[in-house]
Number of protein chains: 2
Amino acid sequence: MENLSHCIGENLKRLRAEQALSLDGVAKLSGVSKSMLGQVERGEVSPTVSTLWRIANGLKVSFSSLVKRSQDDPEVIPRDEVGPLIEDGGKVRNYPIFPFDAERSFEMYRVEIDPGGYLPAEGHNTGAQEFITLHSGQLAIRVGEAEHTLDPGDSIRFKADVPHSYHNPGGDLARMSMVIYYARSS
Amino acid sequence: MENLSHCIGENLKRLRAEQALSLDGVAKLSGVSKSMLGQVERGEVSPTVSTLWRIANGLKVSFSSLVKRSQDDPEVIPRDEVGPLIEDGGKVRNYPIFPFDAERSFEMYRVEIDPGGYLPAEGHNTGAQEFITLHSGQLAIRVGEAEHTLDPGDSIRFKADVPHSYHNPGGDLARMSMVIYYARSS
DNA sequence: TGAAATTGTGCACTATAATGCACAAAAAGT
DNA sequence: ACTTTTTGTGCATTATAGTGCACAATTTCA
């Protein structure tokens with residue numbers, strides 16, 4: 001279940017089927033147009049919370065039942081299905097594989113840094129930690145004052161609640177996995 | 001906590017305060033513009049689920065923590081704060097006082113019908129029931145084939161999963177409270 | 001098997017969510 | 001007290017959610 005919109009679409013389609021309703025039927029019950037309902041089901045749009053609320057009311061289901069992601073287990077995320085966040089003019093590409101989830105309270109990225117690429121980062125929440133494994137290329141990580149250099153296969157864990165930065169000093173593409181963990185708050 | 005947008009605004013404002021962040025800070029963390037965040041906090045807009053999701057990620061909180069309504073208890077809904085759904089060209093005014101909530105699984109309306117006003121209704125979900133108390137005026141309710149006439153102070157309960165209708169045959173305004181209960185599904 | 005109703009999709013148009021910049025008020029630093 | 005930074009709001013513009021109608025495919029019923 002890739003993105004939220006697509007997930008909502010699946011939920012709506014399922015809930016509608018359970019009540020054996022047509023798009024037209026749901027439209028009359030909820031006051032949301034048939035076209036919009038179709039687009040939501042296909043995951044083509046990101047509905048506003050107000051329309052989502054009207055749909056939930058029309059179907060007499062909870063708001064969260066439309067938003068909740070089915071916890072498929074195991075869950076496979078194909079490489080091509082996740083687009084990168086571009087940094088440093090394209091030299092740094094950040095692929096969010098498992099985005100933040102309040103349940104598990106960490107997020108996982110796949111990061112690529114071209115030779116010479118540089119990415120500074122502000123400190124995260126207090127207590128946050130990062131776990132990085134470098135798979136290929138070279139990586140220099142600065143945390144506060146200290147700098148650490150990683151070779152392929154090396155890993156690092158550090159407290160990420162202070163400013164830090166990533167830099168590829170080598171001549172090859174640097175590829176790594178990064179996990180950011182957020183300390184559970186009150 | 002009147003409507004959903006206003007409710008989300010309160011949640012965001014509170015969560016932002018807990019982390020001692022400025023609008024600008026949340027904007028940087030979430031990728032949502034400062035202006036939009038301000039409008040969301042003030043309840044001026046109904047954000048899309050995607051922006052709400054980005055905000056939740058930026059703050060590292062769950063999606064539902066932004067949507068959840070604080071269960072104030074007791075909860076007072078002033079008369080003027082709830083606008084009517086207009087039917088039969090204005091002769092029937094339907095005020096949703098306590099909208100549907102999956103938790104309690106019923107909803108409550110205050111309904112006014114002018115003399116001669118008529119409102120047909122399709123059957124609701126199977127197992128649904130209606131509970132009506134007439135406070136003033138006259139009310140004739142047709143359920144399936146049978147018709148029932150109510151005088152001020154009378155109440156009625158009936159299975160509402162079949163087509164039914166409301167009619168004011170008298171010369172005075174008919175005022176009533178209506179509760180619709182939906183049988184809990186699997 | 002044809003007519004009539006019902007289903008979901010496509011498209012032009014409208015309403016509004018979302019952005020970026022500028023501004024005024026408050027807070028912090030000198 | 002004056003400057004400098006940070007705070008939140010207002011406004012013009014852009015992007016997109018949302019609507020209504022029409023269409024094609026399917027289903028229903030005579």
Side-chain angles (χ1 to χ4, degrees), chain A residues 2-59 63 66-67 83 85-87 89 99 120 122-123 163, chain B residues 2-59 63 66-67 83 85-87 120 122-123 163:
Chain A
E2 312 77 64
N3 59 72
L4 184 55
S5 296
H6 182 267
C7 181
I8 291 175
E10 297 285 333
N11 287 331
L12 175 53
K13 191 179 293 186
R14 176 175 44 78
L15 291 166
R16 181 166 71 88
E18 284 177 9
Q19 303 191 29
L21 287 165
S22 67
L23 287 181
D24 227 31
V26 180
K28 287 199 178 64
L29 285 171
S30 64
V32 176
S33 72
K34 192 170 56 164
S35 320
M36 178 50 41
L37 292 168
Q39 297 182 58
V40 170
E41 278 200 357
R42 280 170 261 138
E44 293 176 3
V45 293
S46 179
T48 61
V49 292
S50 90
T51 57
L52 207 59
W53 186 83
R54 287 194 288 165
I55 294 173
N57 275 302
L59 289 174
F63 188 96
L66 283 171
V67 175
L85 307 167
I86 303 299
E87 310 266 6
E122 295 303 312
Chain B
E2 312 79 66
N3 59 71
L4 184 56
S5 295
H6 183 268
C7 181
I8 292 175
E10 298 285 333
N11 287 332
L12 175 53
K13 192 179 292 185
R14 177 175 44 77
L15 291 166
R16 181 167 71 88
E18 284 177 8
Q19 303 191 30
L21 287 166
S22 67
L23 286 182
D24 226 31
V26 180
K28 287 198 177 66
L29 285 172
S30 63
V32 175
S33 72
K34 191 170 56 164
S35 319
M36 178 49 42
L37 292 168
Q39 295 181 60
V40 171
E41 279 200 358
R42 280 170 261 138
E44 294 176 3
V45 294
S46 180
T48 62
V49 292
S50 90
T51 57
L52 208 59
W53 186 83
R54 287 195 287 165
I55 294 174
N57 274 305
L59 289 174
F63 188 95
L66 282 171
V67 175
L85 307 166
I86 303 298
E87 310 267 6
E122 295 303 311

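Quick note: numbers below take in every heavy atom, side chains included, and nothing from hydrogens, waters or symmetry partners. The chains referred to below are lettered A, B, ... by the order of the sequence lines, with proteins before strands, and numbering in each begins at 1.
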Handout entry: Heavy-atom donor-acceptor pair, B/K34 side-chain to D/dG8 base, under 3.5 Å
Key = yes
Fill in the blank from the handout: Atom CD of A/Q39 and atom C1' of C/dT14 are separated, to the nearest Å, by 14 Å
Exercise for the section: By nearest nucleotide on DNA chain D, pick out whichever of B/G25 and A/V40 is the more 5' one. Expected result: B/G25
Exercise for the section: Could you tell me the separation between the CG atom of B/L23 and the P atom of C/dT19, rounded to a whole number of Å? Expected result: 13 Å
Exercise for the section: Would you mind reading off the distance between A/K13 atom NZ and C/dT7 atom P, rounded to a whole angstrom? Expected result: 16 Å
Problem - Presence of salt bridge, A/E10 and A/R14, under 4.0 angstrom - result: no
Problem - Closest to side chain of B/R42, choosing from D/dT9, D/dT19, C/dT19 - result: D/dT9
Handout entry: side-chain N/O A/R54 vs D/dT19 OP1/OP2, d < 4.0 Å
Key = yes
Practice task
Take the protein atom CD1 of A/I8 and the nucleotide atom P of D/dG18, then report the distance between them rounded to whole Å.
Solution key: 11 Å
Problem - Test item: B/N57 and B/L29 side chains (from C-beta on) under 4.5 Å apart, heavy atoms - result: no
Exercise for the section: Measure the shortest side-chain to side-chain distance between A/V67 and A/N11 over non-hydrogen atoms and say whether it is less than 4.5 angstrom. Expected result: no
Practice task
Can you tell me the distance, in whole Å, between the CG atom of A/L21 and the P atom of C/dT6?
Solution key: 14 Å
Exercise for the section: Write down the distance between CG (B/L52) and C1' (C/dA18), rounded to a whole number of angstrom. Expected result: 14 Å
Problem - Base C/dG20 to side chain B/S33, donor-acceptor N/O within 3.5 Å cut-off - result: no
Problem - Minimum side-chain heavy-atom gap A/K34-A/V26 below 4.5 Å - result: no
Exercise for the section: Give the rounded distance in Å between these two atoms: CD of B/E44 and P of D/dC11. Expected result: 11 Å
Exercise for the section: Could you tell me whether the phosphate oxygens of D/dG8, OP1 or OP2, come under 4.0 Å of any side-chain nitrogen or oxygen in B/R16? Expected result: yes
Problem - Side-chain N or O of B/T48 closer than 4.0 Å to phosphate OP1/OP2 of C/dA18 - result: yes
Exercise for the section: Taking the side chain as every heavy atom from C-beta outward, state whether B/V45 and A/T48 have any atom pair closer than 4.5 Å. Expected result: no
Practice task
Take atom CE of A/M36 and atom P of D/dG20, then tell me their distance rounded to the nearest Å.
Solution key: 11 Å
Exercise for the section: Would you state whether a donor and an acceptor, one from the side chain of B/S35 and one from the base of D/dG10, lie under 3.5 Å apart? Expected result: yes
